[in-house]
Amino acid sequence: MSVGQAIRAEFPIFEHTVYANSCSQGALSNRVRAAAEEWLEGWDENGAEWDYWVERNEAARSAFAALVHADPDDVAVTTSVSQGVSALVSALDLSGERNRIVISEYEFPTVGQIAHAQELRGAEVVQVTSDAGGRIPLERFAEAIDERTALVCCTAVSFRSGHRNDVAAIAELGHARGAVVLADSYQAVGALELDVRTLGADVVTGGTVKYLLGSAGLGFMWVRRSLGSTLLPTQTGWFADEDIFAMSIADYSPHASARRFDSGTPPVPSLYPGVAGMELIAEARVPEIEAHVRGLVDRLLAGLDELGATVATARGEGDYGPLVCVVATDPNRLVEALAGERIVTSTRDANLRISLHLYNVEDDVDRILAALRKHSQLLA
Ligand SMILES: Cc1ncc(COP(=O)(O)O)c(C=O)c1O
């Protein structure tokens, strides 16, 4: 199904509301609702459908892999970014000379907090800050990364400002110093084309709640094979074992593939809607979604300039994606005022967040701009 007007009928919310909050959660489609109901119906009719659940878990792995152009064997199915990243860092030796974790100012809290938790294991955390224009200059990463760096975390798109890190360039810096590079891509996957063969990062993670149109409780972590096969996560679970159904308690024998970063019982209720959401995205095709959203975001930015609004998102060619942040005098009141106009947005810091996706159309952008003009006293 193609993007824009063609797909809107799948998403009932657009009958009455302009939904511009996919950076928090994607809108609910009929197809994802039906998939969630299928899980309940199967439970009702058949009880525990273990074989089917394991098959759905593998379907999710394959769908994630296809989205990032990876082999399913290099993809872990996780319950969250937190679970995957925790498993990853649990496999890093942080007790010696190479004990530093570099994080960008734009990391999601879970990445920053997991990094700081490693201080208990001997790690040192180095934070790379942004400049006044909302960018994180490459030189700041270059200064922070050295031969003591074990891990560099550079979120692909910031949930906070909409800024896109240049993951490939940062990965090059990290690799030159022998560090592992992690790109938390939750705010990118499904909206921007991601290809692990060229992205540069060694580990790429995300989940289904936002631009993948599914529910909470399902995520993924791709790990470069040459790295993954050398790592032994100490945060683990029985679904990470080389043979789940052997049910052995005699040893730790992690799976040879990235399944070693899986954990316990798969997030069964989230698998159904997650796979359905990813199917919708795959059918619409990410490059087409990206081009469509770019047109809408550029229309929005032009309108914001006309309004004299202060845009917090950096505006260089590769600096922004589907999320635009606008500085507000009182962001919560502005979100409420827009909700009163039946427009759904959200806030972070002093900013209003407006995020656009495959189902948005030019009329949505124009309605958002008209509402912002009406409430322009709340714009900084
Ligand atoms: C960039 C980013 N990373 C991670 C998350 C979520 O992490 P988790 O799956 O651990 O809840 C979000 C949003 O919820 C996010 O925006």
Side-chain angles (χ1 to χ4, degrees), residues 81 85-86 88-188 192 194 196 198-206 221 223-224 226-227 231 311-321 323 325 327 348-351:
V81 165
V85 174
S86 291
L88 172 77
V89 297
S90 79
L92 301 178
D93 178 4
L94 300 166
S95 62
E97 289 280 285
R98 198 181 273 282
N99 70 338
R100 288 196 170 173
I101 302 178
V102 171
I103 59 172
S104 83
E105 185 179 331
Y106 289 148
E107 296 312 303
F108 195 72
T110 197
V111 171
Q113 290 165 17
I114 290 169
H116 283 289
Q118 307 317 305
E119 289 165 350
L120 300 173
R121 299 172 57 220
E124 211 181 298
V125 178
V126 181
Q127 189 170 324
V128 182
T129 54
S130 61
D131 66 14
R135 272 188 198 84
I136 306 187
L138 202 53
E139 308 79 65
R140 298 198 180 176
F141 277 99
E143 281 161 23
I145 299 168
D146 62 23
E147 58 291 335
R148 290 166 295 177
T149 309
L151 178 67
V152 179
C153 306
C154 57
T155 191
V157 176
S158 170
F159 78 104
R160 199 182 273 288
S161 69
H163 178 62
R164 270 171 93 168
N165 273 319
D166 185 347
V167 174
I170 296 164
E172 214 171 290
L173 290 171
H175 292 157
R177 301 301 185 112
V180 172
V181 177
L182 162 71
D184 172 3
S185 302
Y186 216 135
Q187 293 289 341
L192 299 176
L194 283 179
V196 295
T198 52
L199 190 65
D202 306 297
V203 185
V204 177
T205 183
M221 189 169 74
V223 186
R224 188 183 298 289
S226 55
L227 171 71
L231 295 177
V311 175
T313 310
R315 306 275 286 268
E317 177 55 30
D319 282 341
Y320 61 94
L323 170 61
C325 294
V327 188
R348 284 293 177 274
D349 307 327
N351 301 328

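Atom set for the values below is all heavy atoms of this structure, side chains included, hydrogens, waters and symmetry mates excluded.
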Straight-line distance of [X] [atom1] to [Y] [atom2], nearest 0.5 Å:
X: Asn165; Y: Cys154; atom1: CG; atom2: SG; answer: 5.5 Å
X: Asp131; Y: Glu105; atom1: CG; atom2: CD; answer: 9.5 Å
X: Thr313; Y: His163; atom1: OG1; atom2: NE2; answer: 10.0 Å
X: Arg164; Y: Ser158; atom1: CZ; atom2: OG; answer: 13.0 Å
X: Phe108; Y: Tyr186; atom1: CZ; atom2: OH; answer: 9.0 Å

Arg224: what forms a side-chain hydrogen bond (donor to acceptor under 3.5 Å, both in side chains) with it, not counting sequence neighbours?
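Testing Arg224 for side-chain hydrogen bond (donor to acceptor under 3.5 Å, both in side chains), a comparison that skips the adjacent residues, returns Asp202.
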State whether a side-chain donor-acceptor pair under 3.5 Å links Gln113 with Thr110.
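Note: Gln113 and Thr110 side chains miss the donor-acceptor criterion.
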Any donor-acceptor N or O pair under 3.5 Å, side chains Thr155, Glu107
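Note: Thr155 and Glu107 side chains miss the donor-acceptor criterion.
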Output yes when a side-chain donor or acceptor of [X] lies under 3.5 Å from a complementary backbone atom of [Y], and no otherwise.
X: Arg148; Y: Ile101; value: no
X: Arg100; Y: Leu94; value: no
X: Thr205; Y: Asp184; value: no
X: Arg140; Y: Ser130; value: yes
X: Asn99; Y: Gly122; value: yes

So, are Asp93 and Arg98 salt-bridged, with charged N and O less than 4.0 Å apart?
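Salt bridge: no.
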How close do Cys153 and Phe141 get, counting heavy atoms only, and between which atoms?
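For Cys153 versus Phe141, the nearest heavy atoms are O-CE2, 4.4 Å.
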Taking all heavy atoms of Ala183 and all of Ala201, pick out the closest pair and write down the distance.
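Closest pair (atom of Ala183, atom of Ala201, distance): CB-CB, 3.8 Å.
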